Amino acid sequence: MKEIKICIAGLGNVGSSVIQSLVDSKNFINLKSNFNINILGISAKNKNKKRIIDISKYEWFDSPLDFLNTDCDIVIELIGEEKGLSYDLVKNSLKNGKHVITANKAMLAKNGSELFKLADQNNKYLLYEAAVAGGIPIIKTLKNNITLNKVKKISGILNGTTNYILTMMEHDNLSFDKAISIAQSKGYTSPSESELDIGGLDSAHKLTILSSLCFGAEIEFKNNYITGISEIKYEDIKNAKNLGYKIKLISESLIVNNKIFSITSPKLISMNNPLASVDGVLNAINIETDQLESLFLEGEGAGGKATASSVISDINEIFTNINVNSLGFKINNLTKYTKFELSNLESPYYLRIMTQDITGVLSKITSYFKDSNISVEKILQLPETKDKPIPIIITTHKVKTETLLKSLEQIEKQSFVLDKIIVIPLDNGQE
Ligand code: HSE
């Protein structure tokens, strides 16, 4: 039996669950592999916090940087800071010849370019299965399983909190504010994390990593277009349903005309898109390749146990020596893609225009559309209560985004338009 010595920094939900799973699975691991996993050291901000595990059995380090003075093989970083101690620990561990496992998507999306090069120079693994979609083995699927497929497009729901909020709004007729407070009370997101979740940044961090794995793209977070879900109202969800769609926070990445197009944004998707039936805190990812029309993975995107499952799979990967290119592609062969201009995107759109209830509003709006050659697919006027602004709901056929936005800019200037026009891309599976 080979002994694998690990040190763990960060003992929150995920860190504690990793230790718990390793303890619970000790015999099972011995049935499946030729190694024993020995926890050489642990470290966290607060030693005395109540945890699901008994930490007195393990050697405590006040600073995880002192792990570097031990002969551990793997440093597991579960602190979760975008820079700071997380970054210092990962960087110095790699420099000191340790393999690193992390669940830290923000750190990788922002500093991955440097850190993956460092791992390569030191011939060490920097693994991160837990950083994207919790327990779903999306990283290994792309890196080790469909490695010789050329990915055409990856799209998914990469944030459980926002998916939970949208699901609650739809199923329980809740307002956005009510749904987010339930998500917080259930522990899916905390007030400090909510901005990352709701604002779409957490999904974009994950998409940055996936784009690199799929297309051999240099890790460049600035290549993302990001819109969160805070402008989505219960009415939009209801309107979408009436039109045969669901609103989901979709992250997708593809190469268009040799440029990278990576976008996280609310989107209306048709009911027959498999992502439409992914509800609650679940995550899901659809991959289209030259060899597979659709590979769909769905599962728990967060939570201690699910994320610990991914961390432990990385320990296994290191010692079974599967693929030392941490990003799948050789690090020196990554491509620095230019960002595809969103204004050039052609897509159908959903629009909500809040207007006064006066004669001629509809014909004025459609006359602007006619001038710009924008073709309306459906139009609904849905007065809720008297004396309130009237929502006019429009879906368009495929239109160049720049053309649509220019026309909406004109419409927004009209005195009968009472609020910012809500513009959401739409995927009807046809156009
Ligand atoms: N906050 C994330 C989510 C989980 O809600 O999906 C960790 O990435």
Side-chain angles (χ1 to χ4, degrees), residues 10-18 76-82 86 101-112 127-139 154-169 176 179-211 213 219 221 224 226-230 232 247-252 264-267 275 278-286 297-314:
L11 297 173
N13 198 11
V14 178
S16 300
S17 297
V18 168
I76 303 183
E77 186 280 314
L78 301 169
I79 304 166
E81 291 176 4
E82 184 181 307
S86 294
I101 294 171
T102 181
N104 193 332
K105 48 253 156 197
M107 177 187 68
L108 293 179
K110 296 288 181 68
N111 309 293
L127 298 186
Y128 48 95
E129 184 66 73
V132 181
I136 304 177
I138 179 62
I139 306 296
I154 187 157
S155 51
I157 295 170
L158 302 179
N159 183 273
T161 301
T162 42
N163 203 40
Y164 178 80
I165 291 171
L166 294 172
T167 305
M168 289 300 284
M169 287 169 80
F176 176 80
I180 189 172
S181 73
I182 296 177
Q184 285 176 353
S185 71
K186 289 203 173 248
Y188 296 142
T189 186
S190 64
S192 66
E193 286 169 347
S194 289
E195 210 181 306
L196 285 178
D197 291 322
I198 305 301
L201 289 161
D202 177 72
S203 300
H205 289 147
K206 295 165 180 167
L207 187 65
T208 307
I209 297 168
L210 292 180
S211 303
L213 278 161
I219 294 203
F221 184 68
N224 286 278
I226 310 167
T227 309
I229 63 164
S230 55
I232 304 293
I247 299 185
K248 293 287 185 189
L249 182 66
I250 301 290
S251 299
E252 54 194 343
T264 292
S265 150
K267 197 166 188 181
L275 291 171
V278 178
D279 282 337
V281 281
L282 292 179
N283 282 190
I285 298 144
N286 194 39
L297 303 177
E298 176 180 353
E300 290 160 72
K305 259 191 165 177
T307 312
S309 156
S310 287
V311 170
I312 294 168
S313 78
D314 282 346

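Order of appearance sets the numbers: ligands from 1, and atoms from 1 within every ligand. Everything numeric here is computed off the predicted structure, so don't read it as measured data. Counting begins at 1 with the first residue of the sequence.
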Any chance CD of Glu195 has more than 12 other-residue heavy atoms, nucleotides or ligands included, within less than 6.0 Å?
-> no
Ligand 1 atoms nearer than 4.0 angstrom to some heavy atom of Thr161 are 3 (C), 5 (O), 6 (O)
Min side-chain heavy-atom separation Ile232-Phe176 under 4.5 Å | no
Considering only protein heavy atoms, which is closest to atom 1 (N) of ligand 1, and at what distance to one decimal place?
-> Asp197 OD1, 2.9 Å
How long is the span from the CD1 atom in Ile198 to the CD1 atom in Ile180, to the nearest 0.5 Å?
-> 3.5 Å
Here the atoms of ligand 1 under 4.0 Å from any heavy atom belonging to Ala302 are 4 (C)
Between Glu193, His205, Glu300, Lys206, which one has a non-hydrogen atom sitting closest to atom 8 (O) of ligand 1?
-> Lys206
Ligand 1 to Asp202, heavy atom cutoff 4.0 Å, flagged ligand atoms 2 (C), 8 (O)
Side chain, backbone, both or neither: which part of Asn159 has a heavy atom under 4.0 Å from ligand 1?
-> both
Quick one: which ligand 1 atoms are inside 4.0 Å of a heavy atom on Lys105?
-> 7 (C), 8 (O)
In ligand 1, which numbered atoms sit nearer than 4.0 Å to a non-hydrogen atom of Gly160?
-> 3 (C), 5 (O), 6 (O)
Pair Asn224, Thr208: side-chain N/O donor-acceptor within cut-off below 3.5 Å | yes
Basic-acidic side-chain contact under 4.0 Å: Glu300, Lys305 = no
Report the relative orientation of the aromatic rings in His205 and Phe221; use parallel for angles under 30°, tilted for 30 to 60°, perpendicular for over 60°.
-> tilted
